[in-house]
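So the structure is just underneath, and the comments pick up after that.
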Amino acid sequence: MAATKLIALHHIKTKSVAECLKRCIDYVRDSRKTEDEKYVSTYGCDPNTILGEFLLSRRTYEDNVRKPHKNDVIAYQIRQAFKPGEITPEQANEIGYELAMRFTKGKHAFIVTTHTDKHHIHNHVIFNSVSIDGKSRFRNFYFSGLALGRLSDMLCLENDLSVIRSRYEERMNTKNEKRSRHHISDSSLSFLVDIEKKMQEGKGKGYENWARKFNLKQRAKVLLFLEEHGIASYEELVKKTDAMEAEIDALNEKIKARNERMAKNKELQNAIITYSRTAEVYTAYRKSGYSKRYLAEHETEIRDHQDAKKIFNRVSGGKIPKLKELRAEYGELIAANRPDFQQYVQLRKEKKDYLVARKNLELLLTEKEAEEREKVKAKPNRSSRSEASL
């Protein structure tokens with residue numbers, strides 16, 4: 001469950017743009033909230049030069065597109081709060097990074113910081129209102145906050161996290177349940193009701209009448225579904241659902257493989273940032289002759305530096321890529337995953353209708369076979385009639 005909020009950060013007239021940006025960035029990077037900036041990641045900029053890079057893109061825009069107007073938006077902030085105890089800071093930062101990447105479509109530089117100072121883990125994302133190339137500005141459309149929330153919900157579902165169920169939705173569902181216990185939308189296929197089983201469970205005559213009418217409608221829907229999708233037999237339907245399942249599995253494998261590459265990529269990015277941040281302390285530690293006293297005073301930084309070096313040692317070929325290259329690769333992986341994931345979601349949705357149609361058709365065929373057997377049994381035997389006449 002992640003609650004999100006989009007906030008426009010305006011230029012305060014009494015301060016410069018640089019001062020306004022620095023104030024926002026310094027707040028989200030607060031070492032007391034991020035465990036000495038352990039949970040900080042960026043895209044399209046370097047953590048150490050983020051302010052200058054934001055201002056450079058802005059200057060490019062002002063010089064080539066247009067000057068800023070009154071009450072100018074200099075950046076945007078995304079707040080994303082998670083359910084207590086449901087997520088780790090590392091995973092929260094990953095999800096915050098992915099949310100910012102999808103929401104800005106990789107066109108705007110941003111910083112993601114994960115705060116652990118509250119009872120609930122939460123992210124702060126600051127992204128530049130001007131694109132990285134300085135050619136455009138972020139368009140804060142009317143329902144942008146709603147779109148952000150839906151993206152966040154999708155990421156939570158992808159990562160097996162709970163999502164917020166709106167109060168409006170809960171009220172409407174409660175109202176609908178009170179109106180009809182057996183209401184099922186007419187716009188989709190639904191499984192046939194096993195009337196005989198329900199009657200054995202103690203359902204009344206009213207339910208039986210409703211169920212028979214419902215099943216008649218579902219039979220018609222199944223036949224219409226088969227006709228609309230050009231399926232002429234049960235065998236064709238089975239073949240189609242099996243092929244769809246194989247396609248879904250193949251897409252899932254591709255997405256999982258990219259996600260694993262993204263995880264390794266991000267691990268290496270964080271290692272490079274950590275290594276650079278702790279290099280000075282570790283150099284002093286080495287010059288001290290690996291003093292136990294110095295280690296005790298700077299144990300966290302030294303251990304982080306050593307852990308980062310272990311990650312470097314696992315790199316194939318031993319050559320450490322540049323941070324810029326890793327970020328570019330990460331963006332490419334996200335872009336490659338997007339259409340596959342959309343297709344995966346669409347196929348999963350379509351597969352549900354195909355499986356319902358398949359199950360219902362199986363029941364209809366079983367019922368038809370049973371009716372045919374009953375007809376054969378009811379038909380008089382010729383030899384029996386002859387013997388009776390004698």
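As a basis for the values below, the full set of heavy atoms in this structure was taken, side chains included, without hydrogen atoms, waters or symmetry mates. Source: prediction; values computed, not measured.
Of all heavy-atom pairs between P47 and T42, the closest is CD-OG1, 3.6 Å. Nearest heavy atoms, S291 versus Y285: O-CE1, 3.5 Å. Nearest approach of M262 to N337, heavy atoms of both residues: SD-ND2, 4.0 Å. Smallest separation of non-hydrogen atoms from I132 and G106: CD1-O, 4.1 Å. Contact detail for A109 and F54: the closest heavy-atom pair is O-CZ, 3.6 Å. Heavy-atom minimum distance, S152 versus L99: N-CD1, 3.7 Å.
Linking ILVMFWY side-chain heavy atoms closer than 4.5 Å, directly or via other members, places I255 and M154 in a single hydrophobic cluster. If you chain together hydrophobic residues whose side chains sit under 4.5 Å apart, L55 and V130 never meet in one group. The hydrophobic cluster containing L323 does not contain I50, counting ILVMFWY residues as joined when their side-chain heavy atoms lie under 4.5 angstrom apart, directly or transitively. Note: the hydrophobic cluster containing I272 does not contain I111 (ILVMFWY, side chain heavy atoms under 4.5 Å, direct or indirect links). Both F103 and L333 belong to a common hydrophobic cluster when Ile, Leu, Val, Met, Phe, Trp and Tyr are linked at side-chain heavy-atom distances under 4.5 angstrom.
In this structure, Y39 and V112 have side chains that are not in contact, with every pair of non-hydrogen atoms separated by 4.5 Å or more. Proximity of I126 to Y76: side-chain heavy atoms (C-beta onward) are nowhere separated by under 4.5 Å. With a 4.5 Å cut-off on side-chain heavy atoms, I121 and H115 do not count as touching. In this structure, the side chains of H122 and D117 come closer than 4.5 Å at one or more pairs of heavy atoms. Using a 4.5 Å cut-off on side-chain heavy atoms (C-beta onward), R58 and V17 make contact. Side chains of Y234 and R358 form a contact here, defined as non-hydrogen atoms less than 4.5 Å apart. Within the 4.5 Å cutoff, no side-chain heavy atoms of I78 are placed close to those of K5. Contact check for F312 versus L268: side-chain heavy atoms found under the 4.5 Å cut-off.
Looking at S129, its side chain does come within 3.5 Å of a backbone N or O of I74 through a donor-acceptor pair. A donor-acceptor pair is defined here as one N or O able to donate and one able to accept, closer than 3.5 Å; such a pair exists between the side chain of S131 and the backbone of S136. In this structure, the side chain of T241 does not engage the main chain of L355 through any donor-acceptor pair within 3.5 Å. Counting only distance, with no hydrogens or angles, the side chain of E35 and the backbone of T116 share no donor-acceptor pair below 3.5 Å.
By the 6.0 Å and 45° rule, R338 does not stack over the aromatic ring of Y344. Taking the centre and axis of the six-membered ring of Y61, the NZ or CZ atom of K135 falls outside the cone set by 45° and 6.0 Å.
Taking CG of N259 as the start and CG of N265 as the end, the distance is 12.0 Å to the nearest 0.5 Å. In this structure, SG in C45 is found 8.0 Å from CD1 in I25, a value given to the nearest 0.5 Å. Taking CG from L9 and SG from C20, the interatomic distance works out to 9.5 Å, rounded to the nearest 0.5 Å. Separation of atoms CD1 (I248) and CD (E253) is listed at 13.0 Å; rounding is to 0.5 Å. The structure places CZ of R314 at 13.0 Å from NZ of K309, a figure rounded to the nearest 0.5 Å. Within the model, atoms NZ of K38 and CG of D304 stand 6.0 Å from one another, a figure rounded to the nearest 0.5 Å.
Defined by atom type and a distance below 3.5 Å, a donor-acceptor pair is missing between the side-chain atoms of N93 and N123. Defined by atom type and a distance below 3.5 Å, a donor-acceptor pair is missing between the side-chain atoms of Q269 and S41. Side-chain contact annotation: Q77 with H124, donor-acceptor N/O pair under 3.5 Å present. Of the N and O atoms on the side chains of T4 and Q80, not one donor lies less than 3.5 Å from an acceptor on the other residue. Side-chain polar atoms of S288 and R293 form no donor-acceptor pair below 3.5 angstrom. Checked by atom type, the side-chain pair Q342/Q346 shows no donor-acceptor distance below 3.5 Å. Checking S144 against N140 by side-chain atom types alone, a donor-acceptor pair falls below 3.5 Å.
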- Message: Please determine whether ring pair (Phe, Tyr, Trp, His ring centres under 6.0 Å) holds for the pair Y43 and Y330, giving the CA-CA distance in whole Å, both sets of side-chain angles, and the decisive distance to 0.1 Å.
- Response: CA-CA 9 Å; Y43 169 78; Y330 195 91; 8.5 Å; no
- Item | From CA spacing to verdict: side chain to side chain contact (heavy atoms under 4.5 Å, CB included), F110, Y97 | CA-CA 9 Å; F110 60 76; Y97 188 100; 3.8 Å; yes
- Item | E53/D46 under side chain to side chain contact (heavy atoms under 4.5 Å, CB included): CA gap, chis, key distance, verdict | CA-CA 8 Å; E53 292 181 69; D46 187 273; 3.6 Å; yes
- Message: Please determine whether salt bridge (charged side-chain N to carboxylate O under 4.0 Å, His left out) holds for the pair D340 and R258, giving the CA-CA distance in whole Å, both sets of side-chain angles, and the decisive distance to 0.1 Å.
- Response: CA-CA 11 Å; D340 282 349; R258 290 197 193 101; 2.8 Å; yes
- ring pair (Phe, Tyr, Trp, His ring centres under 6.0 Å) between H120 and F82: does it pass, once the steps are laid out? CA-CA 6 Å; H120 64 284; F82 298 93; 9.4 Å; no
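Every residue meeting the salt bridge (Lys or Arg N to Asp or Glu O under 4.0 Å) condition with R29, not counting sequence neighbours, appears here in chain and number order: E37.
Annotation: R261, atom CZ; neighbour count of heavy atoms from other residues, nucleotides and ligands within 6.0 Å does not exceed 12. Enclosure of atom NZ in K107 is not indicated, since only 12 or fewer non-hydrogen atoms of other residues, nucleotides or ligands lie within 6.0 angstrom. Within 6.0 Å of atom CD in E90, more than 12 heavy atoms from other residues, nucleotides or ligands are found, so the atom counts as buried in its surroundings. With a 6.0 Å radius and a threshold of 12 heavy atoms from other residues, nucleotides or ligands, K240 has its NZ atom at or below the threshold.
Salt-bridge annotation for R102 and E98: present, with a side-chain N of the basic residue lying under 4.0 Å from a carboxylate O of the acidic one. Using a cut-off of 4.0 Å between Lys/Arg side-chain N and Asp/Glu carboxylate O, E301 and R277 are scored as not salt-bridged.
For residues 14-26, the salt bridge (charged side-chain N to carboxylate O under 4.0 Å, His left out) pairs, not counting sequence neighbours, are K22-D26.
Between Y275 and Y282, a ring centre-to-centre spacing not shorter than 6.0 Å is recorded.
Each of N128, V65, D72 was compared with R137 under the side chain to side chain contact (heavy atoms under 4.5 Å, CB included) criterion, and only D72 meets it.
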